[in-house]
Colleague: 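Take this structure, written in structure tokens, and hold onto it; I'll ask about it next.
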Amino acid sequence: MTTGEESGVARPDALPAEAPVVHRNLRVRVGARELTTLTHDHLNYWLSLLRYVRGGPFMTVARADDGRGAFIQVYRDSDTDYALEVHSGAAGAGYLAATLHDVQEVGQLIWDWLENDRQRLDAIPWKQHPLP
Amino acid sequence: MSVNIELSLTIREIKDERERAGMTALLSGMLESLHLAHDVFITLGENGPDLFVRADSEYPVVSSGYRWLDDFEADLTRRATALVPHARVDFDWVDADGEVEDFDDDW
């Protein structure tokens, strides 16, 4: 899907060749909005619109059935600064924080978190913080 | 009298994720062409086995005097049902008092 950030030639209406991967039963906050369902495209769509949403330019993603309270969240500080934080849900574990400069990378890391793919997440130079 | 309206619509009775992805792209492109991509937001949801795509604004974005609304409703309905014939498009234009607007009465 596109956003107002993109421009291009109109394409004919069509269904995609393959169904996208969908994550349901989520607890997603985007500013004041609550979502339950994300695809990778839809995740990137919301990240591209953070500056316009009511309630603050942030997104928090958690699984509704995760009793540990694990989450990943991002706050858009500027066009080029995104504060990404991850909490494992483990008691007393604190959270990991990093500032990223590419919203596409932010989207990929949040999607990796949903997919339980740690490769790129583990390569980030995180700073450890205690929970407030 | 001009009345500002919140845009709210739902495309229902989508049966699978391919259909929903195609419908989401269609809706996104139409909102972009109307320069509403930063004001009207698209969400995904499920109602039992039926999937839906919803678009709504967080504040009034449309004046009831705007003539493109009729064309927008007709065009979206035509293109959505051409893409997914069993889909249903419902429009719920809401004014500042929370009342559902019927534009046929105005025009």
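What you see below is based on every heavy atom in this structure, not just the backbone, and it leaves out hydrogens, waters and symmetry mates. A quick note: this is a predicted structure, and the numbers were derived from the prediction, not measured. Numbers restart at 1 for each chain; the letters A, B, ... are given by sequence-line order, proteins then strands.
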Colleague: Chain A heavy atoms under 4.5 Å from Leu51(B): which part of the residue, side chain, backbone, both or neither?
Modeller: side chain
Colleague: Looking at Glu18(A), I'd like to know if its CD atom is crowded, meaning that more than 12 non-hydrogen atoms belonging to other residues, nucleotides or ligands lie closer than 6.0 Å.
Modeller: no
Colleague: Ignoring hydrogens, what is the shortest heavy-atom contact between Val61(A) and Ile110(A)? Give both atom names and the distance.
Modeller: CG2-CG2, 4.0 Å
Colleague: Could you tell me which of Arg20(B), Glu19(B), Glu46(B) has the largest number of non-hydrogen atom pairs under 4.5 Å with chain A?
Modeller: Glu46(B)
Colleague: Can you tell me if Arg27(A) has over 12 outside heavy atoms packed within less than 6.0 Å of its CZ?
Modeller: no
Colleague: For residues His129(A) and Glu85(A), is any side-chain donor paired with an opposing acceptor at under 3.5 Å?
Modeller: no
Colleague: Any salt bridge linking Arg33(A) with Glu58(B)? Criterion: basic side-chain nitrogen under 4.0 Å from a carboxylate oxygen.
Modeller: yes
Colleague: Please flag which part of Ala17(A) lies under 4.5 Å from any non-hydrogen atom of chain B: side chain, backbone, both or neither.
Modeller: backbone
Colleague: Can you say whether Leu15(A) sits under 4.5 Å from chain B via the side chain, the backbone, both, or neither, judging by heavy atoms?
Modeller: both
Colleague: So which residue, Thr36(A), Val22(A), Leu35(A), ends up with the most heavy-atom pairs under 4.5 Å with chain B?
Modeller: Val22(A)
Colleague: In this structure, is the centre-to-centre distance between the rings of Trp113(A) and Phe71(A) below 6.0 Å?
Modeller: no
Colleague: Quick one: of Met23(B), Glu17(B), Arg18(B), who has the most non-hydrogen atom pairs under 4.5 Å with chain A?
Modeller: Arg18(B)
Colleague: Chain B heavy atoms under 4.5 Å from Val30(A): which part of the residue, side chain, backbone, both or neither?
Modeller: neither
Colleague: Let me know if Val40(B) has heavy atoms under 4.5 Å from chain A in its side chain, its backbone, both or neither.
Modeller: backbone
